[in-house]
Amino acid sequence: MPSPRRNLEGRPLCASAGGGGSSPGSPAHGGGGGRFEFQALLGSRAPGVDGPSARLRASDSPVPRRGSFPLAGAGPCSQAPPAPPPEEARLDLNPSFAAIALRSLLAIDLWLSKKLGVCAGEGSPWGSARPLMKLLEVSGHGIPWLLGALYGLARSDSWAGREVLMNLLFALLLDLLLVALIKGLVRRRRPAHNQMDMFFAVSVDRYSFPSGHATRAALASRFILKHLVLAIPLRVLVVLWALVLGLSRVMLGRHNVTDVAFGFLLGYMQYSIVDYCWLTPHNAPILFVLWNQQ
Ligand SMILES: CC(C)=CCC/C(C)=C/CC/C(C)=C/COP(=O)(O)O
């Protein structure tokens, strides 16, 4: 075993001092106790020894490069560490399990959404069904629902009816607000195969997460099932409408599957908020009095 070369003071020469300090077993060989590998796996961010980059450098080249492994705390051999590479240039070789699961889910989501987007354009496999999908789109659009609730309120001649419709209006407005907020925060783009030919969309609707139609479908159907006395076949029809509307969003290419799935979940939970804050002439008299004066 050759003894390490020393300087005039008898201190070991460091690699970058031109001493060829990459002896077998030294970190430069990747053999120094596997130190670089270990740091890479731990995601170490010690100056100059950023884990993934160090791991790449250590294993990239079969020939140890001189002075390429300045070590933090290497005593007399340490030098000012080189500037770490910019964050975006680093390869993350040790993503967490959650990150891997999320990336896999997103990959499956994109793949499935593209497969299901069979009405995304006139030339798509199911392009001829596009008008029907767009009709469904209108049935879950915010404008008809808002106008319907307002019209019902204007025509209602009972307090009970007015209370239900006032709460439907509140639910629809809450939904628009929450969806716009989340879309603005998440800013997930609509699928590339989507044609942006939606009727009356506001600026935040260029984003796709979550699907506003899916939230409205879940919210409105839960609302209807709770507050309207309907025969069983009609109740089934309401649920089917919500499900088909959600599916049509993906078939039209407007959304990925996860946008719709989260939309359903959000809409379902929004109803719970509405139910919890249920407006009555007692807890919100101003709304009912103002409406009566119209
Ligand atoms: C009172 C007011 C601000 C009404 C806005 C109604 C409106 C423009 C709703 C947006 C409907 C729409 C195009 C939603 C997008 O649905 P996605 O399923 O594509 O997210």
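For ligands, and for the atoms within them, numbers begin at 1 and follow the listed sequence.
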Assert yes or no for the condition that the ring centre distance of His227 to Trp278 is strictly below 6.0 Å.
-> yes
Taking Arg130 for the side chain and Ala120 for the main chain, is one N or O donor matched with an acceptor at less than 3.5 Å?
-> yes
Describe, in one word, how the ring planes of Tyr271 and Phe223 are oriented to each other, choosing from parallel (under 30°), tilted (30 to 60°) and perpendicular (over 60°).
-> perpendicular
Hey, which of Lys114, Arg188, Arg103 is the one that makes salt bridge (Lys or Arg N to Asp or Glu O under 4.0 Å) with Asp109?
-> Arg188
Salt-bridge test for Arg162 and Asp157: reply yes if a basic N is under 4.0 Å from a carboxylate O, no otherwise.
-> no
Present, as a list of atom pairs with distances to 0.1 Å, all nitrogen or oxygen contacts under 3.5 Å between ligand 1 and the protein.
residue	atom	partner	partner atom	Å
ligand 1	16 (O)	His213	ND1	2.9
ligand 1	18 (O)	Ser211	OG	3.0
ligand 1	18 (O)	Gly212	N	3.2
ligand 1	18 (O)	His213	N	2.9
ligand 1	18 (O)	His213	ND1	2.9
ligand 1	18 (O)	Arg249	NE	3.2
ligand 1	18 (O)	Arg249	NH2	3.3
ligand 1	18 (O)	His255	NE2	2.9
ligand 1	19 (O)	Arg190	NH1	3.0
ligand 1	19 (O)	Arg190	NH2	2.9
ligand 1	19 (O)	Arg249	NH2	2.7
ligand 1	19 (O)	His255	NE2	2.9
ligand 1	20 (O)	Lys183	NZ	2.5
ligand 1	20 (O)	Gly212	N	2.8
ligand 1	20 (O)	His255	NE2	3.3

Are side-chain N/O atoms of Trp241 and Ser221 paired as donor and acceptor at under 3.5 Å?
-> no
